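What you see is a predicted model, and the numbers here were worked out from it, not measured in a lab.
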Amino acid sequence: MLEFYRKAIAVFLGLVVLTALLGYACFDLVFFSNALLPAHESSIPWKSRIITDQRMGGSSSVSVIDDIYSLDFEYRLSNAIKYPHVYTMLAFAEPGSTENLADLSRFTTTTFKVKCSARNVLGFYVHTFDKNVTNPADFPSYRIASALFSCHEQWSDVEIDLRYLKVPRWWQDMAHVDISNQDYWLNQVLAISFVASWQGAADTPARVKIGELTLHGRNWRYVWFFGGLLALIWIGFAGWLFRRYTRSLIVEVENKLKKDRPLIAYKKLTIEPHRNKEKSQVLHFMATQYRNPDMSLEFAVESLGINRTKINELLKDELGMTFGTYLNKLRLAEAARLLSQQDSPNVAEVARQVGYINASYFNKLFKSEYGCTPGTFIGVQKSE
């Protein structure tokens with residue numbers, strides 16, 4: 001059995017390592033991301049663009065300082081119109097064409113770092129294509145899904161859930177869309193923009209810096225696949241373990257019986273002569289009386305007229321065992337024979353047949369001798 005336990009531990013440790021490796025690979029597949037900033041790390045091509053309210057009669061201005069390592073821009077809102085605004089955008093495509101619109105539907109959140117030269121409130125806009133409203137050549141007709149975030153002079157982290165953006169009321173009014181219609185689609189995105197509007201400070205120079213802009217997604221199908229694969233692996237291991245344990249136990253029991261057979265060949269002991277009369281008497285007595293539930297060292301002393309010390313010395317010299325050890329070997333070997341040969345053996349009945357009145361005590365001795373309970377021994381024999 002020692003070899004079995006060594007192999008079982010080795011296989012178990014191997015499966016633990018395999019599980020860890022598969023888990024690591026699954027984690028990468030489940031949780032994925034795409035960095036838009038810095039620009040050279042992005043797998044989705046984009047260009048920076050700016051839009052101001054000047055097309056609506058306003059005089060607000062914005063200029064981009066850096067769009068490679070961060071999105072760094074300065075702006076100034078003017079009160080020339082009621083709702084001043086400026087857009088600084090990461091444009092995936094040019095208005096007028098729907099060929100290069102970005103598919104962001106596999107992403108669920110976006111994170112970025114931001115700081116402003118003055119405390120401010122900015123808008124995060126996703127400009128999406130709406131087949132019922134959008135005119136590809138008309139930028140304002142792209143449906144807007146938005147969220148607001150605040151910034152200040154120190155770097156701060158922002159996380160926005162792309163699944164729960166809001167379509168602003170002003171865009172719905174402009175596009176004549178019902179206010180209850182909050183649907184938007186991320187599979188065709190024209191641009192992502194950071195918007196300074198009337199919700200922030202006007203007539204005040206401001207600077208905004210956006211860094212480490214990253215899109216994050218999750219694909220839970222790999223979790224189910226990983227769970228199913230692990231279930232198959234570990235169920236297979238359990239089946240293998242049970243089969244190997246059964247085989248090893250069979251070999252262990254058979255070897256044990258073969259090893260003990262020369263010592264417990266009680267049928268031969270009744271006919272083979274012994275040079276020592278007392279030794280012959282003791283061995284013959286035990287070979288014929290071991291089934292007797294009253295069998296004990298005291299019983300043997302009274303029956304043979306040989307003192308207990310002499311009996312133990314004789315058995316120790318002949319077999320290397322004490323009286324009690326040899327008696328149990330005789331009984332347990334016969335019990336193993338009966339359990340293996342009977343069609344539907346009753347453990348308690350077999351225990352009584354070999355001299356044990358207490359079935360629990362018999363079970364304990366049997367497990368100590370053969371490494372399994374009588375019930376398991378029966379199952380192993382049937383599985384051969």
**Asked** Are Ile179 and Arg169 close enough that some pair of their side-chain heavy atoms sits under 4.5 Å apart?
**Response**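 A side-chain contact exists here, since the closest heavy-atom pair is under 4.5 Å.
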Verify the cluster assignment for [X] and [Y]: are they in a single hydrophobic cluster under the rule of side-chain heavy atoms below 4.5 Å apart?
X: Leu18; Y: Val30; result: no
X: Ile44; Y: Val126; result: yes
X: Val158; Y: Phe124; result: yes
X: Val16; Y: Phe237; result: yes
X: Trp185; Y: Val133; result: no

Between [X] and [Y], what is the ring plane arrangement, given parallel below 30°, perpendicular above 60°, and tilted in between?
X: Trp170; Y: Tyr125; value: tilted
X: His127; Y: Tyr87; value: tilted
X: Tyr370; Y: Phe377; value: tilted
X: Phe31; Y: Trp220; value: perpendicular
X: Tyr75; Y: Phe73; value: tilted

Check [X] against [Y] and note the closest heavy-atom contact, atom names and distance.
X: Ser117; Y: Pro205; result: OG-O, 4.4 Å
X: Thr88; Y: Val64; result: CG2-CG2, 4.1 Å
X: Asp53; Y: Pro84; result: OD2-CA, 3.2 Å
X: Leu314; Y: Val282; result: CD1-CG2, 4.0 Å
X: Leu77; Y: Ser197; result: CD1-O, 3.1 Å
X: Leu190; Y: Ala93; result: CD1-O, 3.3 Å

The test is salt bridge (Lys or Arg N to Asp or Glu O under 4.0 Å); show your working for Lys316 and Glu313 and say whether it passes.
CA-CA 5 Å; Lys316 197 77 172 178; Glu313 286 180 352; over 6 Å; no
Between [X] and [Y] (side chain of the first, backbone of the second, donor and acceptor by atom type, cut-off under 3.5 Å), is there such a pair?
X: Arg331; Y: Val354; result: yes
X: Thr19; Y: Leu15; result: yes
X: Glu74; Y: Ile65; result: no
X: His152; Y: Ser150; result: no
X: Ser146; Y: Lys166; result: yes
X: Thr110; Y: Thr214; result: yes
X: Trp240; Y: Ala8; result: no
X: Ser340; Y: Arg337; result: yes
X: Gln54; Y: Ser60; result: yes

Other residues, nucleotides, ligands: >12 heavy atoms within 6.0 Å of [X] [atom1]:
X: Met174; atom1: CE; answer: yes
X: Arg55; atom1: CZ; answer: yes
X: Phe226; atom1: CZ; answer: yes

Option among Thr128, Asp183, Asp130 that satisfies the side chain to side chain donor-acceptor pair (under 3.5 Å) test with Arg143 =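 For Arg143, the side chain to side chain donor-acceptor pair (under 3.5 Å) test succeeds with only one of Thr128, Asp183, Asp130, which is Asp130.
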*Val189 and Tyr142: side chain to side chain contact (heavy atoms under 4.5 Å, CB included), yes or no, with the steps?*
CA-CA 9 Å; Val189 177; Tyr142 282 84; over 6 Å; no
Just checking [X] against [Y], ring centres under 6.0 Å apart?
X: Phe112; Y: Trp155; result: no
X: Phe366; Y: Tyr356; result: no
X: Tyr222; Y: Phe32; result: no

Is there a salt bridge (Lys or Arg N to Asp or Glu O under 4.0 Å) between Arg207 and Asp72? Walk through the geometry before answering.
CA-CA 8 Å; Arg207 182 173 178 177; Asp72 188 358; 2.5 Å; yes
### Audit row: Ile233, Leu229, side chain to side chain contact (heavy atoms under 4.5 Å, CB included) steps and yes/no
CA-CA 6 Å; Ile233 290 174; Leu229 182 61; 4.0 Å; yes
Item checked: Intermediate values then yes/no, salt bridge (Lys or Arg N to Asp or Glu O under 4.0 Å), Glu94 and Lys47 -> CA-CA 9 Å; Glu94 295 292 331; Lys47 294 181 180 180; 5.5 Å; no
Please report the interatomic distance CD(Gln182) to CG(Leu165), rounded to the nearest 0.5 Å.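 These two atoms lie 10.0 Å from each other.
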Exercise. Is a side-chain donor-acceptor pair under 3.5 Å present for Asn34 with Ser43?
Worked result: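 Checked: Ser43/Asn34 side chains pair up, N/O donor to acceptor below 3.5 Å.
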Tyr326 and Asn312: side chain to side chain donor-acceptor pair (under 3.5 Å), yes or no, with the steps? CA-CA 10 Å; Tyr326 184 53; Asn312 274 323; over 6 Å; no
Worked check of side chain to side chain donor-acceptor pair (under 3.5 Å) between Asn135 and Ser141:
CA-CA 6 Å; Asn135 174 2; Ser141 68; 5.8 Å; no
